[in-house]
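First the proteins, then the strands, lettered A, B, ... as listed; each starts at 1.
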2 protein chains.
Amino acid sequence: MSRRAAPRPDAADEELAALAKALAHPARVRVLRLLARRGDGCIGCDIVADLELAQSTVSEHLRVLKAAGLIEGAVDGPRVCYRLRRAGLARLKGLVAAL
Amino acid sequence: MSRRAAPRPDAADEELAALAKALAHPARVRVLRLLARRGDGCIGCDIVADLELAQSTVSEHLRVLKAAGLIEGAVDGPRVCYRLRRAGLARLKGLVAAL
DNA sequence: CCGCTATATCGTCATTCGACGATTGCCGAA
DNA sequence: TTCGGCAATCGTCGAATGACGATATAGCGG
């Protein structure tokens, strides 16, 4: 029996891998650090100015971070106010610390 | 001068991104968990048996983890004994916790 | 009402990743 | 010394990433 050693996708592994993938790019790490510094304050296009990448590229990185639940963006008039998502960050820290 | 806002590659960002990239795959996370369970004990081809992937694929994942400094392998006769690299793991935890 | 500025999205292109099978290289055991 | 199992490497293929410019879109400020 035991047709297979049980694929056991293990949700925790997938979750950590997904979070890690969001972190797996210097530009995205930098965005997190940037937002962390301006704790309450939130940034908009300043992120584009800080990273040295095209606006569309930065937008894509922000999308990835948002999809991973590490940041969130609130529409504030014509601009968007990004800030860290404590919950997501905490989840990441917890999973990594458990290694 | 300040021709530009200084590309400031920021070594820490690159380092964290590189470590995160090594974690950015469920199979690699699983390998770390596997090695963590068998603290002192080390595994060889058992890893191939546990993951449900071809031997060459597993070998590649192990190579990535080793390159990132998260594991190390000691040749033991015809087989290789893998174990966690505490230092690398600690480095990762430290960088993530600092976020 | 018009145009500006800040974002998001689309399409494209080059590069990297992930997975496999096949091959090669290495010991240790028979 | 020949056999057999373990591990690394090579070559290939398809899918995903990352970067960019060109477009949309949405409100504010004049």
- Message: Can you measure A/D76 atom CG to C/dA6 atom C1' for me and round it to whole angstrom units?
- Response: 11 Å
- Query: Does a side-chain N-to-carboxylate-O contact under 4.0 Å join B/R30 and B/D50?
  - Reply: yes
- Message: My understanding is that only one of B/L32, B/V64, B/V96 makes a side chain to side chain contact (heavy atoms under 4.5 Å, CB included) with B/L23; could you say which?
- Response: B/L32
- Item | Atom-to-atom span, CD1 of A/I47 to C1' of C/dT5 - whole angstrom | 16 Å
- Quickly work out the A/K66 NZ to C/dT9 C1' distance and round it to whole Å. 12 Å
- Taking CD from B/E72 and C1' from D/dA8, how many angstroms apart are they, rounded to a whole number? 18 Å
- Go through the structure and list residues passing side chain to side chain contact (heavy atoms under 4.5 Å, CB included) with A/R79, not counting sequence neighbours. A/D76
- Query: Atom CZ of A/R63 to atom P of C/dC10: distance rounded to whole Å?
  - Reply: 10 Å
- Output all residues satisfying salt bridge (charged side-chain N to carboxylate O under 4.0 Å, His left out) with B/E60, sequence neighbours left out; order by chain, then residue number. B/R63
- Residue-phosphate contact under 4.0 Å: B/S59 side-chain N/O, D/dA8 OP1/OP2: yes
- Message: Between A/Y82 and C/dA6, is there a contact of a side-chain N or O with OP1 or OP2 at under 4.0 Å?
- Response: no
- Message: Give me the atom names and distance for the closest heavy-atom approach of B/G73 to B/K66.
- Response: N-CD, 4.1 Å
- Round to a whole Å and report the spacing from CZ of B/R79 to C1' of C/dG28. 10 Å
- Whole angstrom value for the distance that separates P of D/dT17 from CG of A/L23: 15 Å
- Query: Under the criterion side chain to side chain contact (heavy atoms under 4.5 Å, CB included), which of A/L65, A/L35, A/V31, A/L34 is the partner of A/L84?
  - Reply: A/L35
Between the protein and nucleotides 16-20 of chain C, list the N/O to N/O atom pairs that are separated by less than 3.5 angstrom.
{"unit_1": "C/dG18", "atom_1": "OP2", "unit_2": "B/R28", "atom_2": "NH1", "d": "3.4"}
{"unit_1": "C/dG18", "atom_1": "O3'", "unit_2": "B/H25", "atom_2": "NE2", "d": "3.4"}
{"unit_1": "C/dA19", "atom_1": "OP1", "unit_2": "B/H25", "atom_2": "NE2", "d": "3.3"}
{"unit_1": "C/dA19", "atom_1": "OP2", "unit_2": "B/H25", "atom_2": "NE2", "d": "3.4"}
{"unit_1": "C/dA19", "atom_1": "OP2", "unit_2": "B/H61", "atom_2": "NE2", "d": "2.4"}
{"unit_1": "C/dC20", "atom_1": "OP2", "unit_2": "B/A54", "atom_2": "N", "d": "3.0"}
{"unit_1": "C/dC20", "atom_1": "OP2", "unit_2": "B/T57", "atom_2": "OG1", "d": "3.1"}

- What's the CD-C1' distance between B/Q55 and D/dT9, to the nearest Å? 10 Å
